[in-house]
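Here is the naming used below: chain letters follow the sequence lines, and residue numbers restart at 1 for every chain.
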Number of protein chains: 2
Amino acid sequence: MEREPAGADEKPRRSDVTRAAILEAARDRFAVDGYDRATIRAVARDARIDPSMVMRYYGSKEGLFAAASAIDLGLPSLADTPREEAGARLVRHFLHRWEEDGTLNALVRVGVTHPAGADRIYTVFREQLTPLVAAVCPDPAEAPTRAALLVSQVLGMALNRYVLKLPPAVEMGHDEIVAWLAPTVQRYLTAAGPRVG
Amino acid sequence: MEREPAGADEKPRRSDVTRAAILEAARDRFAVDGYDRATIRAVARDARIDPSMVMRYYGSKEGLFAAASAIDLGLPSLADTPREEAGARLVRHFLHRWEEDGTLNALVRVGVTHPAGADRIYTVFREQLTPLVAAVCPDPAEAPTRAALLVSQVLGMALNRYVLKLPPAVEMGHDEIVAWLAPTVQRYLTAAGPRVG
DNA sequence: GTTGTTGGCCAACACTCGTTGACAAGCGTA
DNA sequence: TACGCTTGTCAACGAGTGTTGGCCAACAAC
């Protein structure tokens, strides 16, 4: 019986380096293999420890994923950005964030095959993306819809480029992607919504 | 030693109903569970036959997937469609096609976690989508890029709505989605490409 | 009616998985 | 020194996997 779930202010443990190694290996594995093929044994092998350690520190495979998928999109504040450049700014940010490490890839790969992953994506969407959209779009009540549209475009490109590796999407340069996608995202963010009859 | 791989003109076999039942069950399972969780045993159970039959008829799990993911997007000819309505037409078509059966869902779910799935998506992209795009876009040489952009938007929305089931995307109506996405797709298809320096 | 082929089920194979419990070495404290 | 906690390894469990081969009944051809 251990007690330590809530406190974020624990003193450093001797095993912190191991815990971190496990987490890093887990992120890589989830990113490359998805939930099912990312085995605890493989994670342990990458982290150079025994599989049972993973269980001890993270309780279960689900727990490991929960820990490995704690994500900060690092979204830029759009306060100091001209309203009409928000789209380009966001597209470029997502491209960099995606290539920075495997976390987002892991999130998508798991989200597609495992409910816990889809939940996690929704959480990130709700807590990090929607508030930012609400700050720039005309009517805050439309923020969820507009954010969903934004995600559909950005996530779709990421899916093609980083997960499916569709050749034409892989071969596009950053500037080219931004040039094409930015107007789309900009419209989803700030344009008047279309009439639907 | 059986010989029958190439011929598309075989006489009907007594086991055709069973083969079809297996294929249908496989599509459902792949759509719901992805590649790894869709077990041959589960497919066989759904089709009410023995797992070994699946092996006999489709050789292996990979073979089963190959057979189950033979997909016809049923894309409409855009010849009789006004050029400026192509975007709306396509978006609406994809929405219907997606909800028609589980095939596209299966394709995406597997594509994300299994190389064979990603390959299949690329094949469909190349053989069915790119030619259609080439027929309506200004410069046929740009067709792969423009098709990739189209896919990024359409697939992204499908991912949110049908796979991840992100609530705001699920709650949108068909008309609303078309109204938002059609201009985007239209631009990817026919607008002059942006300058990239 | 006999024979060969097809459709189907059953039992088992070798393997991998997540998970568990026992046990040894290292460390801090009294 | 002796104790207790932490970190780590090892071996095993039960379950589920893809896949294989043997066997039996129904059908087709002669």
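- Legend: salt bridge (charged side-chain N to carboxylate O under 4.0 Å, His left out) pairs involving residues 61-74 of chain B, not counting sequence neighbours: none detected.
- Shown here are the side chain to side chain donor-acceptor pair (under 3.5 Å) partners of A/Ser60, two or more places apart in sequence or in another chain: there are none.
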Measure all distances between protein nitrogen or oxygen atoms and nitrogen or oxygen atoms of nucleotides 6-8 of chain C, and list the pairs falling under 3.5 Å.
unit_1: C/dG7; atom_1: OP1; unit_2: B/Ser15; atom_2: N; d: 3.3
unit_1: C/dG7; atom_1: OP1; unit_2: B/Ser15; atom_2: OG; d: 2.8
unit_1: C/dG7; atom_1: N7; unit_2: B/Arg56; atom_2: NH1; d: 3.0
unit_1: C/dG8; atom_1: OP1; unit_2: B/Thr18; atom_2: OG1; d: 3.0
unit_1: C/dG8; atom_1: OP2; unit_2: B/Thr18; atom_2: OG1; d: 3.2
unit_1: C/dG8; atom_1: OP2; unit_2: B/Tyr57; atom_2: OH; d: 3.1
unit_1: C/dG8; atom_1: N7; unit_2: B/Arg56; atom_2: NH1; d: 3.3
unit_1: C/dG8; atom_1: N7; unit_2: B/Arg56; atom_2: NH2; d: 3.2
unit_1: C/dG8; atom_1: O6; unit_2: B/Arg56; atom_2: NH2; d: 2.8

Which donor-acceptor pairs under 3.5 Å do the side chains of residues 82-90 of chain A make with protein atoms, sequence neighbours left out?
unit_1: A/Arg83; atom_1: NH1; unit_2: A/Val136; atom_2: O; d: 3.2
unit_1: A/Arg83; atom_1: NH2; unit_2: A/Val136; atom_2: O; d: 2.8
unit_1: A/Arg89; atom_1: NH1; unit_2: A/Thr81; atom_2: OG1; d: 2.7

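- The list of ring-ring contact (aromatic ring centres under 6.0 Å, His included) pairs with a residue in residues 124-150 of chain B, not counting sequence neighbours, is empty.
- Not counting sequence neighbours, B/Asp119 has no partner by the side-chain contact (heavy atoms from CB on, under 4.5 Å) test.
- Within the structure, the salt bridge (charged side-chain N to carboxylate O under 4.0 Å, His left out) test picks out the following pairs touching residues 148-162 of chain B (sequence neighbours left out): B/Glu99-B/Arg161.
- Listed by first then second residue, pairs satisfying side-chain hydrogen bond (donor to acceptor under 3.5 Å, both in side chains) with a partner in residues 132-144 of chain B read B/Glu142-B/Arg146, not counting sequence neighbours.
- Pairs passing the salt bridge (charged side-chain N to carboxylate O under 4.0 Å, His left out) check and including a residue from residues 23-34 of chain B, sequence neighbours excluded, read B/Arg29-B/Asp33, B/Arg29-B/Asp46.
- Ring geometry for B/Phe30 versus B/Phe65: interplanar angle over 60°, hence perpendicular rather than tilted (30 to 60°).
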Give each protein N/O atom lying under 3.5 Å from an N/O atom of nucleotides 13-19 of chain C, with the pair distance.
unit_1: C/dG18; atom_1: OP1; unit_2: A/Ile40; atom_2: N; d: 3.4
unit_1: C/dG18; atom_1: OP1; unit_2: A/Lys61; atom_2: NZ; d: 3.0
unit_1: C/dG18; atom_1: OP2; unit_2: A/Ile40; atom_2: N; d: 3.0
unit_1: C/dG18; atom_1: N7; unit_2: A/Arg41; atom_2: NH1; d: 2.4
unit_1: C/dG18; atom_1: O6; unit_2: A/Arg41; atom_2: NH1; d: 3.4
unit_1: C/dG18; atom_1: O6; unit_2: A/Arg41; atom_2: NH2; d: 2.9
unit_1: C/dT19; atom_1: OP2; unit_2: A/Lys61; atom_2: N; d: 2.9

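- For the segment residues 110-118 of chain B, no residue has any heavy atom less than 4.0 angstrom from an atom of DNA chain D.
- Applying the side-chain hydrogen bond (donor to acceptor under 3.5 Å, both in side chains) test to pairs two or more places apart or on separate chains, those with a residue in residues 120-133 of chain B are B/Ser69-B/Arg120.
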